[in-house]
Each structure stands twice: as structure tokens, then as C-alpha cells.
Protein chains: 2
Amino acid sequence: MLDLPTRHLHGPGPSPVPPSVLEALGQPCIGHMDPAFMRVMNEVREMLQQVFGTENEMTLACSGTGSAGAEMLMDNLVEPGDACLIGVNGVFGGRLTDKARRAGGVVTNLHADWGQSFSRTLIKEKVAELKPKIVCFVHAETSTGTLQPFEGLADAVHEHGGLLVMDCVTSLAGRPVELDAWGVDAAYSGTQKCLSCPPGLSPVSLSERAMEKVRSRKTKPNSWYLDLNLVGNYWSGSRAYHHTAPVNMNFALHEALRLVLEEGLEVRYARHRRVHERLKAGLETRGFRYASDPEWTLPMLNLVSIPDRVDDEAAVRKRLLLDHHLEIGGGLGALAGKCWRIGLMGHGATDEAVDRILAGLDAVL
Amino acid sequence: MLDLPTRHLHGPGPSPVPPSVLEALGQPCIGHMDPAFMRVMNEVREMLQQVFGTENEMTLACSGTGSAGAEMLMDNLVEPGDACLIGVNGVFGGRLTDKARRAGGVVTNLHADWGQSFSRTLIKEKVAELKPKIVCFVHAETSTGTLQPFEGLADAVHEHGGLLVMDCVTSLAGRPVELDAWGVDAAYSGTQKCLSCPPGLSPVSLSERAMEKVRSRKTKPNSWYLDLNLVGNYWSGSRAYHHTAPVNMNFALHEALRLVLEEGLEVRYARHRRVHERLKAGLETRGFRYASDPEWTLPMLNLVSIPDRVDDEAAVRKRLLLDHHLEIGGGLGALAGKCWRIGLMGHGATDEAVDRILAGLDAVL
């Protein structure tokens with residue numbers, strides 16, 4: 001049998017998984033067309049709607065990790081020649097750009113320094129200028145620990161017939177996500193961040209306005225596997241067989257969502273904020289500085305500048321992992337070697353975790 | 001917590017999952033860049049190589065179900081304008097055609113009646129005529145229970161610079177699959193058939209010849225998520241982060257593969273054949289007839305004509321499921337309402353399972 005180490009997961013994800021989610025994951029498999037599995041899917045959808053803050057019928061768990069959910073939205077929402085406006089202030093905006101281009105989109109990027117977010121005024125100006133069909137920003141940039149507010153953007157986007165699309169991979173269930181209140185037309189997330197479920201599924205949600213565009217496409221999307229006109233019929237409506245769903249992963253997501261709603265979303269958000277403040281205070285006492293915009297620092301993903309006294313940052317992370325079973329993340333892309341990313345996500349956002357992280361850093365540095 | 005029924009899974013998949021695979025699935029999650037997970041990936045690759053009968057370096061578990069693996073191959077191997085020859089003698093050849101066309105392929109189909117396979121002579125004639133870049137057949141058609149032999153085809157395909165591609169979703173680990181001996185350039189499978197692992201991953205393997213084509217593409221593949229030039233770097237070589245792998249599903253696949261090799265491939269194939277003969281004898285005694293070509297009937301997927309005396313075949317399957325917790329499959333596509341598909345796959349290919357299926361049919365009919 002596999003001989004696996006136990007890790008304290010405080011990188012950019014996966015996050016620690018509660019025992020009952022692992023237990024649900026390991027339940028005996030049932031068929032993907034079994035009425036009992038249809039009930040699981042319905043309940044997953046209902047719980048996802050609550051966490052996304054939406055009544056969107058087209059809310060489901062895409063059968064791949066977060067990057068598959070991103071591609072599902074780009075592939076279905078972007079038609080060849082569509083003007084797209086995509087914000088890039090970290091790795092994931094760049095990836096969305098690549099995906100939108102593969103779908104045939106004509107992408108204009110709005111750039112900001114990594115760790116900074118975009119002002120509402122700037123976004124609205126650019127939307128008025130370009131009148132894009134798709135406007136896409138990353139709510140919580142996992143590569144920079146920075147929040148991009150979405151409130152107050154939708155009207156400007158809708159005025160020109162565009163759709164507002166949100167990456168909420170790292171924010172969902174860790175801080176407020178309100179698709180309907182903010183007028184977001186489509187969003188995708190991942191299971192392995194603040195939902196504290198293993199990686200393998202990508203929750204997505206699309207408004208009726210977005211689905212109208214999907215249904216009236218003139219060309220098929222690039223992907224058959226992610227084609228929402230086909231996948232949607234399996235998750236809702238006719239229940240027509242499309243692909244074999246990852247049954248056990250959906251069991252796990254069901255339990256993860258149950259735990260989220262049992263705790264309560266507001267309580268959960270407050271816990272993430274409180275635990276983040278504890279980590280921040282401990283890090284600042286030790287002379288660490290945050291590299292993300294102080295106004296928009298994410299609670300669940302802490303971007304910390306690596307102090308000058310650290311010669312070999314990879315060796316530090318390796319010692320934390322191998323000697324202390326503590327995983328923290330290195331910098332990604334432009335921030336590689338310059339920053340660490342410390343995750344306090346979902347089941348991992350606890351006072352004990354903060355103390356363990358600080359003790360680990362004290363021991364290694 | 002989820003209240004799930006226990007089912008005896010004898011449809012077209014998922015198949016029953018052994019307890020130790022469920023246990024592996026439910027192990028605490030670790031990071032997708034953790035050296036311990038790299039070891040898991042290496043061992044998964046080595047074991048997949050044995051099961052695929054190949055030394056292909058590019059052998060990995062694609063992060064989606066079997067349909068994602070099919071799409072990974074079509075997306076990466078087909079360049080816009082490429083002539084493709086795809087056999088259609090069931091549902092899955094049709095789906096491959098759709099995927100190849102979305103990738104820009106110019107597809108010619110070779111058709112056979114559902115339940116029949118193609119003669120080597122016919123395939124070679126068509127290859128000589130069309131000189132296709134991609135030649136693709138379904139080794140074990142899950143919709144018809146029919147085997148398509150692959151021996152003796154590769155030379156004709158390679159002579160014209162083409163690649164031979166195989167769907168072995170339902171055959172892998174249930175009857176011989178010999179990529180290297182047969183000269184197959186690329187193949188994909190699923191975890192939820194004869195590997196007896198829950199659905200969620202798609203084992204794929206590509207020869208060096210196929211990877212040369214992938215590396216020398218003039219255009220990017222449609223999909224970023226399935227782009228083998230990116231995914232390949234994570235599974236092999238530089239280990240560069242691409243997407244967050246479904247960590248726990250890979251734990252389960254690791255254990256499922258370990259069990260397959262512990263039993264031994266030849267012993268496992270023989271078990272599938274023997275148990276199939278037992279079912280066939282029992283069904284024929286009861287007056288059932290097979291709808292697949294007798295010469296090429298699959299052992300793990302039994303296509304049975306629904307007797308005239310059965311008025312409402314869906315009601316029969318529903319009673320088997322709800323009263324006897326026994327899942328068998330209905331007909332798919334052109335065979336809907338005409339046939340049942342009875343699976344004896346992996347952990348579910350046992351004498352006890354055969355007796356349970358026959359007793360269930362006796363009780364309900």
C-alpha cells in the first residue's frame with residue numbers, strides 16, 4: 001500500500017481536508033446515472049448556489065480541477081472574434097488570456113503590478129472604450145494574495161451587451177462571493193482551496209444571460225468534454241448521459257459543502273479574517289513584510305516578501321516540508337524566489353495552524 | 001452525512017471498487033508539488049506502462065474521466081486540416097469523430113453495424129486510399145460489447161506517415177492491450193472499468209512518434225488544460241506546475257494498479273474470460289441471446305438482446321436497481337430499448353457476481 005506522509009497544508013492549495021470529507025470520498029462508488037447520484041448532484045447544486053450567492057440553475061461541479069472550470073467558461077462563452085477584456089495582475093489572468101485566445105477571442109489585457117488590484121474607474125473606462133463581449137477578472141489572485149473587488153462593475157459591462165466573468169478559485173467559501181448581487185454572469189472555482197475538499201472538481205455557475213449566449217452560439221465550443229450544452233443536460237433537464245462523472249469526488253464535495261453551510265458563511269468568512277490577522281501580527285513581529293496591496297490583502301492567501309537574510313528560499317521550504325511536515329508555497333511567475341505564499345484556507349484556517357506556521361519559521365530561519 | 005445505497009455495479013461502468021482502493025482514495029491529501037506525490041506519479045506511470053504494454057515515457061493519468069483522455073489525444077494529435085480515419089461501430093467512434101472535427105480534423109468514417117467489428121483488410125484498404133494522419137478505432141466498444149483487433153494494422157498506417165490511435169477505455173486490464181507490440185501510437189482509457197477505481201482519471205500513453213507530432217505542431221491545441229506540451233512537463237521532465245492534479249484520485253489509481261499487477265495481467269484476463277463464459281452459459285440457458293458478433297464478444301461487457309416478453313425494459317432495470325441493488329446498463333444510442341449491457345469488470349468479474357446477476361434476472365422477469 002501507499003506509504004504517504006502527513007502534511008500540514010498551508011501553501012496555495014490543496015488545503016487540509018476534514019476527516020468526514022475523506023470519509024465521504026471513500027464511500028463505495030455508485031453509478032453516475034443512479035437516482036441516488038442524481039440526488040447527490042441536486043444537493044451539490046443547491047449548496048453551491050448558496051456558497052456562490054446565486055439562484056443560477058446552471059450551477060454544477062465541472063469534472064476537472066479549477067483550470068478545467070476556467071476553460072469551460074472561456075470555451076463556451078467566447079465565440080471566435082469576440083472582444084475580451086481580461087485583467088492581468090498575476091499568473092491566472094495570463095492563463096485566462098491564453099484560454100480565451102485558444103477559444104478564438106480577441107483579447108485586450110488590462111495590466112497592473114502583481115499584488116495590486118484594478119480600480120473600478122479604470123475598468124469601467126476600458127469597458128466603455130472596448131465594448132467587450134467578455135470581461136474577466138480574478139477575484140482572488142492565488143499567485144499574489146490580492147483581492148479584486150467586483151461590486152459596481154456589472155452595469156457598465158451589461159450596458160454594451162457584455163458578460164462579467166469571475167475567477168473565484170481561492171475566494172469561494174473563504175470570503176464573500178455574491179454572484180447575483182454583483183451581477184456576475186459566470187464564475188468558476190476549485191474544490192481544494194477554502195472548500196477544503198481534495199482537488200478534482202471545479203464548481204461553476206452561469207447566469208441565464210450567459211446561458212443564452214451558450215445556447216445561441218453559431219459554432220460548437222472547442223471542447224466536447226466541457227461543452228455546456230451537453231454537460232448542462234446531464235446536470236439539469238433531461239439528465240442525458242454525457243461523460244461518466246467523478247462520482248466519489250462529488251461525494252466529497254457534497255460533504256465539504258455541508259460542513260461549510262453548517263458553520264455558516266458569515267462565521268466562516270470571519271474566521272478566515274481573524275486567523276489571517278493572527279498570522280499577520282506574528283509575521284510582522286518577526287520582521288516579515290506583506291507584498292500585496294495592504295487594502296486588498298486576501299485573508300486565505302498571504303503573500304510575504306522573503307527577507308534578505310534568507311539565501312536559499314527553496315531550502316527553507318524544503319526543510320519546513322521534510323522536517324516539520326509543513327507545506328508553504330513559493331512565489332509563482334514573476335514572484336518566484338521573491339515571495340512565499342502562506343495559505344490559511346478552509347479547514348486550515350485555525351489558530352493552531354498559525355502557531356504551527358510561526359513555530360516552523362522560527363525553527364528553520 | 002450522505003446516506004448512500006450500496007450497489008452491485010454491473011453496468012458499463014463504474015465497476016465495483018475494492019476496499020483498499022477506497023481506503024487509498026480517502027488518505028489525507030498532500031500537495032501536488034510534494035516530492036511524495038512525485039513518487040506516486042512516477043509509480044502510477046510505471047504501473048500504467050506495464051498495463052498498457054509499453055515503454056512510452058509519456059504515460060500518465062489525465063485529470064478528467066475517459067472522455068477527457070479521448071479529447072486530450074484528439075486535441076493534441078489532430079492539426080487543422082489533418083485527414084483522419086475513424087471507425088464508427090457504436091457510440092464512442094461517433095464521439096471521437098466529433099472531437100477530431102472540433103480539433104480541425106477532416107474526418108472520414110468507416111461504418112459497421114453496431115456489434116460488428118472491422119476486418120483488417122477493409123481498414124488497410126481505406127488507409128491506403130486516404131493516407132490519413134490519424135487512424136482511430138475503439139478497441140472495446142462499451143456501447144456494443146464488441147472487440148476491434150489492433151494487431152497487424154500499424155505498418156499500413158505508419159507507411160503513409162499516420163498515427164494509430166486506440167480507445168481502450170473498457171479493455172484495459174480486462175483483456176490484453178499491447179501498445180508496443182501492436183505499434184499503437186496513442187491510447188486512452190478510464191479508471192472506472194477493468195481497473196476498478198472510481199471514475200475521475202483517464203490513463204493515456206503516447207509513443208515518441210506521437211510526441212514528435214505534438215512537439216512540432218504549428219498551432220496550439222484547442223485546450224490549455226489538456227495541452228500535452230504543458231501537462232507532459234508536469235508528469236515528466238521539468239515537473240513544472242501546470243494545474244493542481246486530482247491528488248486523491250491518483251492515490252486510488254496507484255492502489256488499483258498495484259492490485260492489478262499483484263494478481264498478474266494474464267491471470268486477470270483469464271478470470272475475465274472464465275467469468276464471462278459462466279454468465280453466457282447462464283443467460284443462454286434462460287433463452288437470452290447475445291447481440292454482439294460471437295467471434296468478437298467482449299468478456300467484460302455483455303450485450304444481450306432484450307427478450308420479446310419484456311414489455312418495459314426500463315422498469316426491469318429499475319426493479320433490479322431498487323429491489324436488488326443490482327445495476328445493469330441499458331442500450332445506448334441505436335441500441336436503446338433493444339439491448340442490456342451487463343458488465344463483469346475488474347473487481348466485479350467473479351462467480352458470485354454472475355450468480356447474483358442471474359438470480360436478479362430470475363426474480364424480476
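No experiment lies behind these values; they were computed from the predicted model shown. By convention in this document, chain letters (A, B, ...) are assigned in the order of the sequence lines, proteins followed by strands, and residues within each chain are numbered from 1.
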Item checked: Closest-packed option against chain A by number of heavy-atom pairs under 4.5 Å, given Gly190(B), Ser15(B), Ala245(B), Ala68(B) -> Ala68(B)
Checklist line | Part of Leu96(A) lying under 4.5 Å from any heavy atom of chain B | finding: neither
Check: Is a side-chain N or O of Glu71(B) found less than 3.5 angstrom from the main chain of Trp224(A), in a donor-acceptor match?
Finding: yes
Notebook entry, point to check: Can you tell me if Tyr225(B) uses its side chain to pair, donor with acceptor, with the backbone of Met72(A) under 3.5 Å?
Noted result: no
Margin query: With chain B as the partner, which of Pro221(A), Ala252(A), Ser20(A) has the greatest number of non-hydrogen pairs under 4.5 Å?
Written below: Pro221(A)
Item checked: Contacting region of Ala103(A) [heavy-atom separation from chain B under 4.5 Å] -> neither
Check: So, does Arg7(A) use its side chain to make a donor-acceptor pair with the main chain of Gly31(B) at under 3.5 Å?
Finding: no
Margin query: Between Val40(A), Leu321(A), Asp34(A), who has the most heavy-atom pairs with chain B when the cutoff is under 4.5 Å?
Written below: Asp34(A)
Item checked: Part of Val17(A) lying under 4.5 Å from any heavy atom of chain B -> side chain
Margin query: Need one label for His8(A): side chain, backbone, both or neither, based on atoms under 4.5 Å from any heavy atom in chain B.
Written below: neither
Notebook entry, point to check: If you count heavy-atom pairs under 4.5 Å with chain B, which of Pro14(A), Gly64(A), Ala24(A) comes out on top?
Noted result: Pro14(A)
Note to self: Heavy-atom pairs under 4.5 Å with chain B: which of Asn248(A), Leu226(A), Thr219(A) has the most?
What the structure shows: Asn248(A)
Note to self: As an exercise, state the distance from CE of Met33(B) to CD of Glu327(A), rounded to the nearest 0.5 Å.
What the structure shows: 9.5 Å
Next item on the list: Heavy-atom distances under 4.5 Å only: say whether His254(A) touches chain B with side chain, backbone, both or neither.
Entry: side chain
Check: What option among Met1(B), His242(B), Arg101(B) has the most heavy-atom pairs under 4.5 Å with chain A?
Finding: Met1(B)
Notebook entry, point to check: Under 3.5 Å, side chain of Arg102(B) to main-chain N/O of Asn222(A), donor-acceptor pair present?
Noted result: no
Margin query: Is Gln192(B) close to chain A through its backbone or its side chain, or both, or neither, when contacts mean heavy atoms under 4.5 Å?
Written below: side chain
Notebook entry, point to check: Between Pro16(A) and chain B, which part of the residue has a heavy atom less than 4.5 Å away: side chain, backbone, both or neither?
Noted result: neither
Notebook entry, point to check: Highest number of heavy-atom pairs under 4.5 Å with chain B: which of Pro35(A), Cys29(A), Gly329(A)?
Noted result: Cys29(A)
Next item on the list: Sort Leu259(A) into side chain, backbone, both or neither according to what part of it lies under 4.5 angstrom from a heavy atom of chain B.
Entry: neither
Item checked: Distance, nearest 0.5 Å, that separates NZ of Lys99(A) from CG of Asp227(B) -> 11.0 Å
Check: Between Glu255(A) (side chain) and Leu2(B) (backbone), is there a donor-acceptor pair under 3.5 Å?
Finding: no
Checklist line | Side chain / backbone / both / neither for Ile30(A) at chain B, heavy atoms under 4.5 Å | finding: both
Margin query: Less than 4.5 Å apart, side chain to side chain, heavy atoms only: is that true for Val247(B) and Pro199(A)?
Written below: yes
Notebook entry, point to check: Which atoms of Phe37(A) come close to chain B, meaning under 4.5 Å heavy atom to heavy atom: side chain ones, backbone ones, both, or neither?
Noted result: neither
Next item on the list: Please round to the nearest 0.5 Å and tell me the distance separating atom CD of Glu23(B) and atom CG of Leu22(A).
Entry: 12.0 Å
Next item on the list: Using non-hydrogen atoms and a 4.5 Å limit, figure out which bit of Met249(A) sits close to chain B: side chain, backbone, both or neither.
Entry: side chain
Note to self: Can you tell me which portion of Thr244(A) sits under 4.5 Å from chain B's heavy atoms? Options are side chain, backbone, both or neither.
What the structure shows: both
Checklist line | Region of Arg95(A) in contact with chain B, defined by heavy-atom distances below 4.5 Å | finding: side chain
Checklist line | Side chain / backbone / both / neither for Ala70(B) at chain A, heavy atoms under 4.5 Å | finding: neither
Check: If you round to the nearest 0.5 Å, how far is CG of Leu4(A) from CZ of Phe251(B)?
Finding: 4.5 Å
Checklist line | Top of Asp75(A), Asp98(A), Thr191(A) for chain B proximity - count of heavy-atom pairs under 4.5 angstrom | finding: Asp98(A)
